[in-house]
Structures are given as structure tokens and as C-alpha cells.
**Q** 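Below is a structure I'd like to ask you about.
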Amino acid sequence: MAGGADPTRVVLVGFMACGKTTVGESLARRLGWTLVDMDAEIERAAGLSVAAIFQSRGEAFFREEERRLALALQERDRVVVAAGGGAFATPATRETLRRGAATVWLRCDLRIVLDRVRFDGSRPLAPDRETIGRLFAEREPAYRLADLTVDASRRSPEAVAREIADNLFASNAAAVDAGGRPDR
Ligand code: S3P
């Protein structure tokens, strides 16, 4: 993250089901910015769900789409990006997401992830509890590379968003300037 000035792009990273999208919605609302959900963008561009993309085109295709989207996002300001759980664990995509942005790891207990994930096929890399446990441990070192870590385990999305805004923006001024409500 560039030192000094307030960031103009915030990227939320972390494991599946840690609340990146819901926290992202709350943070974007607070800042008066736009939320970009990477999975949703990729689904829209492909006209297919993430599960269908994995099935018909494979994980490598999906990772390439993530990388290309990360590059395109470098042109965007005043956006909160909810990254898919694997994006920040992929070195080239991680470096692209980091450039010019503040990155935030939503850290969440494995137990909470296991409670939240539905084993319904919508998350192709979460077929069972064992795979989730393995991926969770493998990816933690990558998520640690984010600029800021917040605990997202047992708190409301609003509380997590507020902590992020308080940490990244001087006196939460961006929210006030943008007409958002510094609700506290
Ligand atoms: C993935 C996480 C998913 C989605 C895809 C792969 C991963 O996003 O990008 O299923 O590799 O962890 P969420 O973190 O939003 O579930």
C-alpha cells in the first residue's frame, strides 16, 4: 500500500465464506464507493456460474479470468473489491491486486467456515470438510501478506467494515466527504 494518502481502492481477501461480499457491501456503502465482487464479475462476463466455469473450462481458465480482472481493476478508483478466496493465494494475481490498493484480510476461524459452507457444489473447491481444512492451512501465509488484518469471525459485517474504515482512512474522513454516514 502506498504510504501517506488515503487509499482509493480497497481489496478484501480471505478464505471462502468469511464475509468478503457482505463486508464489502457495508464498506462500499459507508464510503460511498462501488463494490466489485470478483466472482460475480467473472460470472457475468462468462454467462456461467463459478461452478459451471470450473466444470466446463477448468480451474486454470477461472484463475486466468481472475488475473485479467485484477489487471482491469487497477484502472478503477473508489472501489471496494471482494476477491474470490483463491485470488490472493495466486502470486501473480495477488501482486496485481496489491498494486495501488489497500488490502485487507478478513480472518475467520476454520470452525465458522465449516459451519457456513454449504456442500451444494456452488463452491467447487469446497467439496468436503477435509479439503477445506487443507486449503485453509495452505492459504493462510498468502492472506497474511495483506496490509491489514481484521477479525471477521463473530462480528457483524457493519462492525468489520467500520474497523476497516477507521484503520484505513484518517478520521474516517472519506466516509464523511463522500456523504456516507460515519455511524457511531
Ligand atoms: C474459490 C473461492 C470462491 C470462488 C471459487 C474459488 C477459492 O470465492 O472464487 O469457488 O479458490 O477459494 P469465495 O471466496 O467468494 O467463496
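Whatever order the structure lists ligands and atoms in, that order sets their numbers, starting from 1.
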**Q** Check D37 with K20, please: is the shortest side-chain N to carboxylate O separation under 4.0 Å?
**A**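 Salt bridge between K20 and D37, a charged N being under 4.0 Å from a carboxylate O: no.
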
**Q** Out of all atoms in ligand 1, which are within 4.0 Å of some heavy atom of F62? Include the element for each.
**A**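 Near F62, the atoms of ligand 1 are 9 (O).
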
**Q** For atom 13 (P) of ligand 1, what's the nearest protein heavy-atom neighbour? Residue, atom name and distance, please.
**A**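 Ranking protein heavy atoms by distance from atom 13 (P) of ligand 1, first comes D39 OD2, 3.6 Å.
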
**Q** Decide, yes or no, whether a salt bridge links R144 with E140 under the criterion of side-chain N to carboxylate O below 4.0 Å.
**A**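 Here R144 pairs with E140 in a salt bridge, since their nearest N and O are under 4.0 Å apart.
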
**Q** Specify side chain, backbone, both or neither for K20, according to which of its non-hydrogen atoms lie closer than 4.0 Å to ligand 1.
**A**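 Side chain only; the backbone of K20 stays clear of ligand 1.
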
**Q** For R139, is the nearest heavy atom under 4.0 Å from an atom of ligand 1?
**A**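 For ligand 1, residue contact (heavy atoms, under 4.0 Å) with R139 is present.
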
**Q** Is R57 salt-bridged to E65, going by a charged N under 4.0 Å from an acidic O?
**A**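 No salt bridge links R57 with E65.
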
**Q** Which atoms of ligand 1 are found less than 4.0 Å from any heavy atom of G84?
**A**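 Ligand 1 atoms under the 4.0 Å threshold to G84: 8 (O), 9 (O), 14 (O).
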
**Q** Could you tell me, atom by atom, which parts of ligand 1 come under 4.0 Å of a heavy atom of V50?
**A**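 Those qualifying, in numeric order: 5 (C), 10 (O).
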
**Q** Anything under 30° is parallel, anything over 60° is perpendicular, the rest tilted; go ahead and classify F169 against W33.
**A**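 Ring orientation of F169 relative to W33: perpendicular.
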
**Q** Donor-acceptor check, side chain of R76 to backbone of A72, threshold 3.5 angstrom: yes or no?
**A**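 No, R76 side chain to A72 backbone: no donor-acceptor pair under 3.5 Å.
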
**Q** Check this for me, if you would: do E59 and R63 make a salt bridge, where the nitrogen-to-carboxylate-oxygen distance has to be below 4.0 angstrom?
**A**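 Looking at E59 and R63, the cut-off is met.
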
**Q** Does any N/O atom on R63 come nearer than 3.5 Å to any N/O atom on ligand 1?
**A**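 There is such a contact, yes.
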
**Q** So how far is it from R134 CZ to R129 CZ, rounded to the nearest 0.5 Å?
**A**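 The CZ atom of R129 is 15.5 Å from CZ of R134, to the nearest 0.5 Å.
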
**Q** For ligand 1, which atoms have a heavy atom of R123 less than 4.0 angstrom away?
**A**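 Ligand 1 atoms under the 4.0 Å threshold to R123: 16 (O).
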
**Q** What are the atoms of ligand 1, with element, lying closer than 4.0 Å to any heavy atom of L125?
**A**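 Selected atoms, number and element: 11 (O).
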
**Q** Given that the side chain starts at C-beta and the backbone is N, CA, C, O, which of these parts of E65 lies under 4.0 Å from ligand 1, counting heavy atoms, or is it both or neither?
**A**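 It is neither; nothing of E65 touches ligand 1.
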
**Q** Any Lys/Arg nitrogen of D120 or R118 sitting under 4.0 Å from an Asp/Glu carboxylate oxygen of the other?
**A**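 Result for this pair is yes, salt bridge flagged.
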
**Q** For ligand 1, is there an N or O atom under 3.5 Å from any N or O atom of G85?
**A**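 Between G85 and ligand 1, an N or O pair is found under 3.5 Å apart.
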
**Q** By number and element, which atoms of ligand 1 are closer than 4.0 Å to a non-hydrogen atom of P124?
**A**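 It comes down to these atoms of ligand 1: 10 (O).
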
